[in-house]
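Read the structure below first, then the notes.
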Amino acid sequence: MIALSLRHVSKRFARNAQPAVNDLSFDLPAGQILALVGPSGCGKTTTLRLIAGLERPDRGEIFINGRLMASPQVFVPPERRGVGMVFQDHALFPHLTVFENVAFGLRGKPRAQVRETVNTLLEMVGLQALAGRYPHALSGGERQRVALARALAPRPVLVLMDEPFSSLDADMRLEMREQVRGILKEMGATVVFVTHDQEEALFMGDCLAVFNSGRMEQIGAPEAIFHTSATRFVAEFMGDSDFLPGVAVEGGIHTPLGALFQRHPLPAGTPVEVALRADDVDFVPAAENANAVIVERFFRGAFHVYRLRLDSGEVMHAFKAHTLVLPAGARVQARISAEHPLMVFPKGQ
Amino acid sequence: MQVSLRPSAPSFSPRLAFAAGLVGLFVAVPLIYIFVRALGADPADWQRLLQTRLWTLLGNTLRLAAAVTAGTLVLGVGLAFLTERTDLPGRAFFRWALALPLAIPPYIGAIIHLALMRPRGGVLPQALESWLGYAVPLPSPLGFWGAAFVLTLFTYPYVYLLSGAAFRSLHASLEESARTLGRSPLQTFWQVTLPVLRPGLLAGALLVSLDILAEYGTVALLRYETFSSAIFVQLSGRYDRSAAAVLSGVLVTLAMLMLWGEVRAQGQARFTQMEGGWRPAAPVALGRWRLPALMGALAVSAASLFVPLGVLTAWSVQAFADADITAAVFRTGSQGFGNFALNSLWTALLAAVLAVLLSLPVALFARRSPGRFSHFLARLCQVGYAIPGVVIALSLVLLVNRFLPFLYGTPLVVVMAYVLRHMPQAVRASQSALSILSPTLEEAARTLGRTGAQTVLQVTLPLILPGLLAGGALVFLTSLKELPATLLLRPAGFDTLAVRVWMWATDGFYLQAAPAALFLVLISIAPLAFLLRREQMFR
């Protein structure tokens, strides 16, 4: 069943020439977590706010559980959409206790039922003991969990999360996202999750949508996004790829690091770029036949990352076991070591 | 940490826009009416005033405003530096002692300094003469220097509080980085600290100037003629409304220019505001300047707080020791002390409640639908600062007589004057209370099933209540102290504490006036203390 559906949604803010969201369409099946990821200003938060009803789309339709929520003619206000939202700054009501915050969305229910629901949720997020506290007396992680409990309490059709971990410390962030993912999966919630951190998106999402300047570049499973990026932007943003220029030839690509034999649909002679990750490149120290020089070495514990400058001018990165230590300035012979097909993009895409 | 403070989704509510528009109309009408009357005055009146008084009045008023502004800047910034950034002994005590003169209306201060220093018959000259056996010439509190001295003493706390808050909110790292870039402490103060504080200080100085333009009681008592006192004379004595309208038109134009500058400076001050991560800068060691600094701070707080309070207390004790005076205090005709106090309290309280209520639609509208119109309305509500009490009185006399005759001769006209004059304080308080409210709080309430109106009632209002109370306290405080508009607009027999103190004191009945004045000061301290406690400086 499709819980959320967007059809050709566009939104442009006054005083901005570029639309914040441009002709966006996707479907999200119930029970899945969709992570919207992209650099800041790419339109992912606007998308979330459009779904919540905090912004009106200029064009297109938004359906939640098959009901039309927004179109040029129709606009259902946020309070009647049945969505739960977790805000970046958590937005806990400072004049209400933890209990009252979580109960805020349960208005009109019998008192006993409210107490039971709130207690169940607080137990789930592990905050029963703090029910009587006010938000200012909570730590960042506790606030985060209250915000989640509050959004989940009215049993929303859809949970929307806007960079919920960005205000937490790095180690707290790792701990919280595991907990939060566990809770969301346990509840079987349908979630749209916004982040600018690709690692967080890979961790949280059952499904990923990569945004760039108002457009969705690719949507799909995390593995697909990572290994078969649809565009150069996705490969660059999700995979920390370097790009090696080359020319398409019959049955392969000609590159400064030698020929690459793999099938591709491009006509011969097309200028291309090959996406290379640090594990796709290898090198050996060489006095003769060297084609690159070591610029810098970064120690990463179990391995080193070397930054190489090819004689043709490009900068590449390569992983090496921690046993081999070479100084900056050393001449090396680099090659493509990948044993899987690499992503190739026509130049200028 | 990355927190976006984007405004909530612009949502235009016609009802809110209409309410805000009505409030804007309410505050604009008296202003427009003054200009209409001033421009519509008989050209002969203009001619006469231009040839005779106008230039003298303009010179007098500007000279006084400039002198007092300069004086308050020196005293205010200097004392704030001493209590916030140095090792001055007794800083916690001085913080209060230097802020509390705000509870003493300047005309009460003038009464006391006049009684003490008057060239003939003043307490100090007499005491000196009887002690030394011959008369010693002392500086007179009358005229320009007297007025400048008294007004500086009783308005510097505005600048003191503003610059004190600024000194405290300034990041220590800002000055520390100037030091590491090779500036001495003194160079750092002139090249970094003051420039950063400048927009805030400029705004404070212009507010003081606006206050001086509006001041009536002090200049009248100390016999220094400014626009305000000249208009007052035209209105009460000669009853020449046409001349009063001409003078008011010029005065309000002058005030509007200053207000325009103040609003601009406020805007700039917002950009230089420092937030978060505050850590106190190391206090400057005064060394051998410790004693002179202490003496200076003591002298200022003595002249502006302890001497006035002491004199009022002494007079009150004397008044109650004398059965006749006691009887006069508690009964004048059919009215007594209780009536005056009650009149003061209910008019000021009603004005505070009304001003806050009226400020709400304007502030909410400006926040919800940011745009030219809402921005204009919020600015329009600031004009009360630029309309001195005498001008509000003139405008309301004419307007109410013509359009709302049933209100004429009721105390409600007085309340209306308070609301119009002090509306800017309420609007600013409501706007700043709303501005620190994260828009996501309202959005969260919407996603949790509340309509726009329910969100305002259940989330917005409870959260901005402290800010609204502060705005109300400020309006209450300034309304209690208000003199000229009350004198001109009150119905016959409707006396407030301020009016009674003024009438008794100008008739020379100091002892009789003292208990009412002391009571007025004491009830002003309550809202003032509430306001000061909200400041970081006083925690």
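As a basis for the values below, the full set of heavy atoms in this structure was taken, side chains included, without hydrogen atoms, waters or symmetry mates. Numbered from 1 within each chain, the chains take letters A, B, ... in sequence-line order.
A salt bridge between B:Arg446 and A:Glu79 is present, with a side-chain N of the basic residue lying under 4.0 Å from a carboxylate O of the acidic one. Using a cutoff of 4.0 Å between basic side-chain nitrogens and carboxylate oxygens, B:Glu442 and B:Arg450 are not scored as salt-bridged. Using a 4.0 Å cut-off between charged side-chain N and carboxylate O, A:Arg173 and A:Glu199 make no salt bridge.
Contact of A:Arg150 with chain B is made through backbone and side chain together, with heavy-atom distances under 4.5 Å. Within the 4.5 angstrom heavy-atom criterion, no atom of A:Leu160 approaches chain B.
Contacts between residues 452-465 of chain B and chain A, defined by a heavy-atom separation under 4.5 Å, are made by B:Gly452, B:Gln454, B:Gln458, B:Val459, B:Pro462, B:Leu463. Interface with chain B: from residues 60-73 of chain A, no residue qualifies, criterion being any non-hydrogen pair under 4.5 Å.
Other residues, nucleotides and ligands contribute only 12 or fewer heavy atoms inside 6.0 Å of the CZ atom of A:Arg80. Residue-environment remark: CZ (B:Phe376) stays at or below the threshold of 12 foreign heavy atoms within 6.0 Å. For A:Arg59, the CZ atom is loosely surrounded, since the number of other residues' heavy atoms within 6.0 Å does not exceed 12.
Residues meeting the ring-ring contact (aromatic ring centres under 6.0 Å, His included) test with A:Phe26, sequence neighbours left out: none. For A:Phe87, there are no ring-ring contact (aromatic ring centres under 6.0 Å, His included) partners two or more places apart in sequence or in a different chain.
Relative to the ring axis of A:Phe165, A:Arg177 does not place its NZ or CZ within 45° and under 6.0 Å from the centre.
Contacts with chain B were tallied for A:Gly105, A:Pro77, A:Ala147, A:Ala153; A:Gly105 has the most, counting heavy-atom pairs under 4.5 Å. The residue among A:Pro78, A:Pro154, A:Ala52 with the most heavy atom pairs within less than 4.5 Å of chain B is A:Pro78.
Using the six-membered ring where Trp is involved, A:Tyr134 and A:His136 have ring planes that are parallel, under 30° apart on the 30 and 60° scheme.
Atoms NE2 and CZ, from A:His196 and A:Phe237 in turn, are 8.0 Å apart once rounded to the nearest 0.5 Å.
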